[in-house]
J.: 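To start, I am sharing the structure in question, which I have written as structure tokens.
So you know, we letter chains A, B, ... as the sequences are listed, proteins then strands, and number each from 1.
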Amino acid sequence: MLELTISAETEEPRDCKICATKNAGFNYGVQSCNSCKMFFRRALDTSKMITCKKEENCNILDPEGSKCRFCRFHKCVLVGMKFIDSPQDPSAIINDLLHKDWTRNQHFLTGKAASTVKFKDIFERGVFLFEKKSEDTVFDFYEWGVMNHLTCINFETSLSFMKYLSKSDLTCVLKSSHLLYMIFVTAWRSYTAKKEFMCHPDGSDIFPSEVEPSAYNEKLINEIRCYLLSCLICLRVTEEEFLLLGVIIVCNPGIPDLSQTGRMLLASYQSMYGQTLQRYCSFKYGSNAGALRYLEIISLSTAIARCHSAIANFSTLFPIHQPQHVKVNLFTEILAFLIK
DNA sequence: CTCTCAGGGCCATCA
DNA sequence: TGATGGCCCTGAGAG
Ligand SMILES: [Zn+2]
Ligand SMILES: [Zn+2]
């Protein structure tokens with residue numbers, strides 16, 4: 001690879017790009033010393049989230065700053081250390097997603113949100129514990145809705161790359177991509193239940209009962225209920241395609257307010273999952289049909305975005321058409337945060 | 001063979 | 001005392 005970027009002038013070409021140690025070799029694709037190489041590898045291995053105690057801009061060259069694991073790791077990413085072993089085994093990736101998705105679905109079907117869950121925690125950490133729901137519990141719209149949000153966010157934050165993101169980047173991802181992902185999951189769930197319109201597992205509506213459909217444009221309501229689902233039916237989307245497209249949506253690097261390292265991390269993972277989807281398609285449908293199929297699956301994200309904007313429109317119209325029914329609860333707080 | 005680099009073991013350091 | 005990180009070694013692969 002051509003090295004066109006000129007870093008600080010005092011830096012010798014053989015210095016470690018992260019900590020400036022002399023006589024560094026090549027590790028993970030960049031000029032780096034052995035310590036930084038090992039640090040990077042161990043940082044990738046750890047299951048714990050790394051955080052910065054200061055402002056996420058510690059100077060690694062100064063002995064105080066070099067103690068910050070978060071900032072050192074992010075400098076590794078920033079200078080271009082490759083954090084994905086290439087190429088990945090597609091079936092291992094799919095199995096990992098299958099397992100995470102199964103967990104999400106179990107929580108959604110059998111759990112209920114712990115009463116301790118508060119709005120301000122949801123988009124900060126995105127990890128929740130669920131309590132067992134008793135057999136005869138009947139959820140109303142808002143309880144289903146909150147569970148749908150929490151279990152999807154739980155899934156999103158359990159993805160392998162999320163632990164590398166800073167807290168603010170994590171919030172950006174959840175704020176921009178979570179609702180798209182949740183819409184897709186809801187459509188998928190209705191699709192696997194062979195429904196013709198989106199609904200909750202017990203068949204209840206995806207609109208709260210106080211919504212008076214006749215007060216709205218029928219096309220708008222239909223777009224929310226049916227449009228995306230009809231695309232899934234029409235394409236006969238497989239579970240593998242659902243899983244991979246779901247992650248591709250969650251690791252969209254084009255969302256606003258991301259840090260540069262956050263964008264780089266998401267872009268690499270999105271491209272890795274994209275390649276996996278491509279390989280899956282060409283394996284399942286053959287090389288030519290697979291390439292077309294890949295594009296068709298990717299273009300589902302347009303249908304998801306269309307449903308998203310219909311929901312945004314609806315939630316703008318709702319307080320205008322039915323001001324007497326506006327409620328404030330956890331679900332409406334979450335939705336208000338996501339649609340802005 | 002030599003060179004480079006990924007990865008693992010071992011041990012010093014520090015809360 | 002357990003987590004962390006630096007030093008040194010090994011083995012695989014390329015040339
Ligand atoms: Zn270094
Ligand atoms: Zn820091």
J.: Is it possible for you to check whether A:R72 lies under 6.0 Å from the centre of the six-membered ring of A:F39, through NZ or CZ, and within 45° of that ring's axis?
T.: yes

J.: Figure out the CZ/C1' separation between A:R41 and B:dG7, and round it to whole Å.
T.: 5 Å

J.: Output yes when at least one side-chain N/O atom of A:N34 is less than 4.0 Å from OP1 or OP2 of C:dC8, else no.
T.: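 Looking at the OP1 and OP2 atoms of C:dC8, neither is under 4.0 Å from any side-chain N or O of A:N34.
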
J.: Using a 4.0 Å heavy-atom cut-off, write out nucleotides 1-6 of chain C from 5' to 3' as B (base contacted by protein), S (sugar-phosphate only) or - (no contact).
T.: ---SBB

J.: In whole Å, I'd like the distance from the CD atom of A:Q31 to the C1' atom of B:dC5.
T.: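 It works out to 12 Å between those atoms.
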
J.: For A:Y280 and A:Y294, I'd like to know if the aromatic rings sit close, meaning centre-to-centre distance below 6.0 Å.
T.: no

J.: In whole angstrom, what separates A:F83's CZ from B:dG7's C1'?
T.: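 Rounding to the nearest Å, CZ of A:F83 and C1' of B:dG7 are 19 Å apart.
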
J.: Do you see a donor-acceptor pair shorter than 3.5 Å between the side chains of A:T137 and A:S134?
T.: yes

J.: Check whether A:F337 forms a cation-pi arrangement with A:K175 (NZ or CZ under 6.0 Å from the six-membered ring centre, at most 45° off the ring normal).
T.: yes

J.: Restricting to pairs with a member in residues 325-340 of chain A, which pass salt bridge (Lys or Arg N to Asp or Glu O under 4.0 Å), not counting sequence neighbours?
T.: A:E210-A:K327

J.: Less than 3.5 Å apart, which donor and acceptor atoms pair up between the side chains of residues 218-225 of chain A and the rest of the protein, not counting sequence neighbours?
T.:
| residue | atom | partner | partner atom | Å |
| --- | --- | --- | --- | --- |
| A:E223 | OE1 | A:R306 | NE | 3.0 |
| A:E223 | OE1 | A:R306 | NH2 | 3.0 |
| A:R225 | NH1 | A:D205 | OD1 | 2.5 |
| A:R225 | NH1 | A:D205 | OD2 | 3.3 |

